[in-house]
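Here is the structure we will look at.
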Protein chains: 2
Amino acid sequence: MSAPDPIPAEKSGSAKTPPRSRIQRRNRQIILDAALEVFSTHGFRGATLDQIAAQAGLSKPNLLYYFDSKDAIHRELLTRLLDTWLDPLRMLDAGGTPQAEIMAYMRRKLQMSRDFPRESRLFANEILQGAPRVEQFIRNDLRVLVDDKARVLRAWADAGRIAQTDPYHLIFSIWALTQHYADFAAQIGMIRGDGHDPLDGAEAFLEHLYTRLLAP
Amino acid sequence: MSAPDPIPAEKSGSAKTPPRSRIQRRNRQIILDAALEVFSTHGFRGATLDQIAAQAGLSKPNLLYYFDSKDAIHRELLTRLLDTWLDPLRMLDAGGTPQAEIMAYMRRKLQMSRDFPRESRLFANEILQGAPRVEQFIRNDLRVLVDDKARVLRAWADAGRIAQTDPYHLIFSIWALTQHYADFAAQIGMIRGDGHDPLDGAEAFLEHLYTRLLAP
DNA sequence: AAGCTTCTTGACTGGATGGTCAAACTTGAT
DNA sequence: ATCAAGTTTGACCATCCAGTCAAGAAGCTT
């Protein structure tokens with residue numbers, strides 16, 4: 001399992017930021033970016049190291065100089081993604097104004113679909129396959145966070161500050177509606193015409209939708 | 001490209017229902033069912049003929065006796081899926097009551113997520129990859145249908161029978177919200193607890209949502 | 001500039017996988 | 001029962017693909 005490692009990791013177990021050379025940092029980033037492109041459209045099995053190498057402008061052995069394996073590249077991408085995946089929901093503040101907080105959460109998620117559609121598709125691919133690589137993340141981190149925020153939403157509803165709705169389905173609806181614009185962008189683009197920005201009008205629509213849904 | 005075909009297709013170009021023996025019909029169905037299971041969770045590239053054969057309880061060469069290639073199995077699945085994919089939207093009746101029609105469409109889509117989650121994931125996989133195999137279907141059939149129904153929705157809005165909303169985003173929202181329960185079932189299951197039915201409460205929530213969204 | 005380290009790659013390997021084939025087995029009509 | 005057609009499969013092949021390796025090129029340090 002442990003091949004001689006050309007990139008010596010620091011003594012400290014899983015060093016968060018092993019001191020890498022300029023070239024190391026640059027090329028690892030190039031590879032991750034290329035891999036994100038390829039993995040997000042073809043899935044893990046559908047992607048080949050040759051594709052990633054071509055996309056990165058590097059040779060295949062060179063990829064494997066910077067990462068131990070195809071799997072290691074994919075794991076690194078997922079790890080980086082999950083690190084920030086929870087942030088928008090985490091920012092939902094129990095002390096804020098209910099409508100404004102929920103609306104802001106929706107807007108943050110929509111912004112992620114706009115700014116990071118490949119990351120969204122990478123995640124979608126993972127869930128479609130049954131979430132084998134992110135199961136623990138979902139069962140632990142995500143679930144705890146959702147349970148926590150669901151309590152906040154329920155409290156708001158019980159206090160009559162927003163309409164009575166199932167807080168879980170409310171959260172799922174925000175995920176579904178916002179991620180759809182990233183994950184199904186190809187379909188939307190083909191229906192609306194290729195010159196059209198798939199996200200055009202989405203924010204106004206979703207604001208309208210949640211305004212009406214949440215009004216007490 | 002054209003290998004000697006052990007299953008003679010009828011003279012008439014693409015016979016819709018070539019007369020097959022009892023065994024043929026049975027085994028083709030078994031294979032398609034197994035393939036749907038495998039393709040929908042692993043994607044086209046991620047699925048192997050050996051997996052499908054094992055799932056079907058047949059040998060790999062036997063699979064290839066009934067279908068020309070892995071691709072042919074996949075194509076057949078997609079063709080059958082697309083044939084019925086449009087039906088729920090097609091049934092939306094311009095002559096009906098706006099709220100009731102839209103609500104019924106939402107319910108039909110939700111029912112499809114309940115009854116055919118694998119088909120939904122097969123489709124989602126396809127779109128995630130950029131819709132290479134269904135591009136013409138989307139650009140032609142689906143687009144025309146959506147444009148048509150969008151006109152209906154717009155007319156209803158202009159007549160003041162439902163609230164003013166972008167008809168395209170309204171349709172997309174129904175797709176997103178209903179398909180999410182099939183495509184992201186793994187995630188929902190892990191968050192709500194494994195004993196829980198992911199779709200529990202979904203219909204009530206969506207009815208509530210669209211009631212409020214559409215009220216003039 | 002020398003010498004050491006880091007980086008890069010052409011050529012290769014082993015295993016997985018889609019697909020073939022000829023021989024064997026079943027089925028159904030007579 | 002017999003025979004032809006339809007069905008099944010073990011053994012095999014060719015290609016693809018993740019990963020290896022040794023040798024060479026480029027950077028750094030002095």
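What you see is a predicted model, and the numbers here were worked out from it, not measured in a lab. Letters A, B, ... mirror the listed sequences (proteins, then strands); counts begin at 1.
Counting to the nearest Å, the P atom of dC16(D) and the CD atom of Gln51(A) are 13 Å from each other. For Asp50(A) and dC17(D), the CG to C1' distance is 7 Å, given to the nearest whole Å. Put simply, CG on Asn62(B) is 14 Å from C1' on dC21(C), counting in whole angstrom units. Atom NZ of Lys70(A) and atom P of dC16(D) are 15 Å apart (whole Å). Leu49(A) places its CG atom 15 Å from the C1' atom of dT13(C), with the value rounded to the nearest Å. Atom-to-atom, CZ of Phe44(A) to P of dC17(D) comes out at 13 Å; the value is rounded to the nearest Å. Atoms OH (Tyr65(B)) and P (dG10(D)) sit 17 Å apart, rounded to a whole Å. At whole-Å resolution of the value, CZ in Arg22(A) and P in dT6(C) are 14 Å apart.
Salt-bridge check for Glu207(B) with Arg107(B): passed, with a basic side-chain N closer than 4.0 Å to an acidic carboxylate O. A salt bridge links Asp33(A) with Arg118(A): at least one charged nitrogen is closer than 4.0 Å to a carboxylate oxygen.
Among the heavy atoms of the strands, none lies under 4.0 Å from Ala53(A). Arg26(A) comes within contact range of no nucleotide atom at all, as no heavy-atom separation falls under 4.0 Å. As judged by a 4.0 angstrom heavy-atom cut-off over every strand, Ala47(B) is placed among residues touching the sugar-phosphate backbone only.
To the nearest 0.5 Å, the span separating NE2 on His180(B) from OG on Ser120(B) amounts to 11.0 Å. The distance from atom CG of Leu153(B) to atom CD of Glu101(B), rounded to the nearest 0.5 Å, is 10.0 Å.
In the set dG19(C), dA18(D), dA11(C), dA11(C) carries the atom at the smallest distance from any side-chain atom of Pro61(A).
A close approach under 4.0 Å does not occur between any side-chain nitrogen or oxygen of Gln24(B) and OP1 or OP2 of dG6(D). For the OP1/OP2 pair of dT8(C) and a distance below 4.0 Å, the side-chain nitrogens and oxygens of Asn27(A) include at least one atom meeting the criterion. Distances shown here put every side-chain N or O of Arg45(B) at or beyond 4.0 Å from the OP1 or OP2 atom of dC16(D). When the side-chain nitrogen and oxygen atoms of Tyr66(B) are compared with OP1 and OP2 of dT8(D), one or more of them lie within a distance under 4.0 Å.
You'll find the ring centres of His74(B) and Phe67(B) outside the 6.0 Å limit.
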